[in-house]
Amino acid sequence: MAAFPEVSKIQYEGPKSRNPLAFRWYNPDEVVEGKTMRDHLRFSVVYWHTFRGTGSDPFGAGTMQRPWDDQSNSVENAQRRVRAAFEFMEKLQAPFYAFHDRDVAPEGQTLAESNRNFDEVVKVLKEEQQRTGIKLLWGTANLFSNPRYMHGAATTCNADVFAYAAAQVKKCLEVTKELGGENYVFWGGREGYQNLFNTDMKRELDHLGRFFHLAVDYAKEIGFHGTFLIEPKPKEPTKHQYDSDAAACINFLRAYGLTERFKLNIETNHATLAGHTMMHELDYAGMQGMLGSIDANTGDLLLGWDTDQFPTNLYLTAEVMLILLKYGGLAPGGVNFDAKVRRESFEPIDLFHAHIGGMDAFARGLKIAAEIRAGGELAAFVKQRYASWDAGIGAEIEAGKADFRKLESYILAKGEAAPNHSGRQEMLENLINYYI
Ligand code: XUL
Ligand code: CO
């Protein structure tokens, strides 16, 4: 029985369409800057919010209507859910999906039982991947929901829990490889602290470094070549999370000798929780050669937590796409909708509206970004702004040919630095609005 009988494949109908179940901007085969939209955007649906989200919040129970899901913890229910998920993704024309081990299969009483459950569901995932051609963008292990992880997983004070987490990641790496996953994500859900009085931070970070090396070694052993991604987030559920932002993650990866195997998965709402813009986080990761993938969502200006809303703001998606184009795209990463429908949007059809909106916002952001780049004014302005570094003393400094003595004599001879020029921020903001 179909899970979404009232919906057929979502088609591109163009900007004038008023059909809410059609794309107005996402036209998979349309070529932008020499590549199809499909290949630029590599859209991915998340299993956890879209197929496991109940709509519960700290004040009330779940609200979601999911007729294909009997709410039980049985393997059969999990398998039925997989069929519904792939029907959804196929109708949406989403080429990728992502999951946590515990989203797709129920956790058992023991690790062995959990692994058996996982295997039973993976059989169906594999079948559905083959039937539809939909691929796994990334897998990850949920190392934060079970109470055993209350003190963290790799950074726990309890060595047995570290061992459990390692065993869980081992299995999840095997499954990700089996399903052809293109990346593997570590989001440090409880890898941080609530209070430094009870925390040996140095020891915890050393353990985290050790954990990642064990994962690198095991991936090598089994021939899993997907990119490892760390997903920065500054807080929630912990007060301080070690992977707090792109800069902190890159510093950590360098300190522990892990930069070769790892990149970052940058999430919009995590960037804003860290007090940065998404554009900042992407540009920072990109300039360090560490931009791997993105979790596309947005927060709410008036709410200070991770609301994981679907992105609809064209200004945001244009900024994101400008940076992605600047660094040559995301592959093997993708635009992964780590976003959930609101508690009040409880009908299955709302899942379509949400994803269509996100995909269209990104497709339009891509086109806007490509037009900004084709127009060339922004790049020309930035180039001109730094022109003093292209010749003369600037070029000598960049080439390492000027020391303090030389710079002192240069300025003593000139008497004063050359005058500054306007940064023209407002003019450039107006220019961006012209394109949007
Ligand atoms: C939590 C979050 C996670 C990761 C995967 O804020 O973003 O869902 O994306 O563990
Ligand atoms: Co995420």
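Positions are given from 1 along the sequence. Every number for a ligand or one of its atoms is a count from 1 in the order of the listing.
- The pair K340-D306 fails the salt-bridge criterion, with no side-chain N (NZ, NE, NH1 or NH2) lying under 4.0 Å from an Asp/Glu carboxylate O.
- Residues F51 and V45 are in side-chain contact: their nearest non-hydrogen atoms beyond the backbone lie under 4.5 Å apart.
- Contacts between D308 and ligand 1 below 4.0 angstrom, taking non-hydrogen atoms only, are absent altogether.
- Set against the non-hydrogen atoms of D295, the atoms of ligand 1 under 4.0 Å away are 9 (O).
- Centroid-to-centroid, the aromatic rings of F212 and F228 stay 6.0 Å apart or farther.
- Here the heavy atom of the protein found nearest to atom 10 (O) of ligand 1 is H100 NE2, 2.7 Å.
- Counting just the N/O/S atoms of D295, the one with the shortest distance to the Co ion (ligand 2) is named OD2.
- Close approach of ligand 1 to D306 is summarised as follows: ligand atoms under 4.0 Å from at least one heavy atom of the residue are 6 (O).
- Take the N/O/S atoms of E267: the one nearest the Co ion (ligand 2) is OE1.
- Salt-bridge annotation for K233 and E267: absent, with no side-chain N of the basic residue lying under 4.0 Å from a carboxylate O of the acidic one.
- Within the 4.0 Å heavy-atom cutoff, H49 does not count among the residues contacting ligand 1.
- A heavy-atom distance below 4.5 Å is found between the side chains of D206 and Y256.
- With a cut-off of 2.8 Å, the Co ion (ligand 2) has an N, O or S atom of D338 in range.
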Verdict with reasoning, M64 to D69, per side-chain contact (heavy atoms from CB on, under 4.5 Å): CA-CA 10 Å; M64 296 298 156; D69 195 318; over 6 Å; no
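- By the 6.0 Å and 45° rule, R148 stacks over the aromatic ring of Y164.
- Residue contacts with ligand 1: N265 is placed with no nitrogen or oxygen under 3.5 Å of a nitrogen or oxygen of the ligand (distance criterion only).
- When only interatomic distances are considered, the shortest N/O to N/O separation between W138 and ligand 1 does not fall below 3.5 Å.
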Would Q129 and L136 count as a side-chain contact (heavy atoms from CB on, under 4.5 Å) here? Give the steps. CA-CA 8 Å; Q129 283 188 208; L136 181 62; 4.0 Å; yes
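- Residue W187 has no nitrogen or oxygen atom sitting less than 3.5 Å from a nitrogen or oxygen atom of ligand 1, judged on distance alone.
- By the criterion of a heavy-atom distance under 4.0 Å, neither the backbone nor the side chain of N142 is placed next to ligand 1.
- In this structure, V185 has no heavy atom closer than 4.0 Å to ligand 1.
- E231 contributes OE2 as its N, O or S atom closest to the Co ion (ligand 2).
- Remark: side-chain polar atoms of N265 are not paired, donor with acceptor, to backbone N or O of L229 under 3.5 angstrom.
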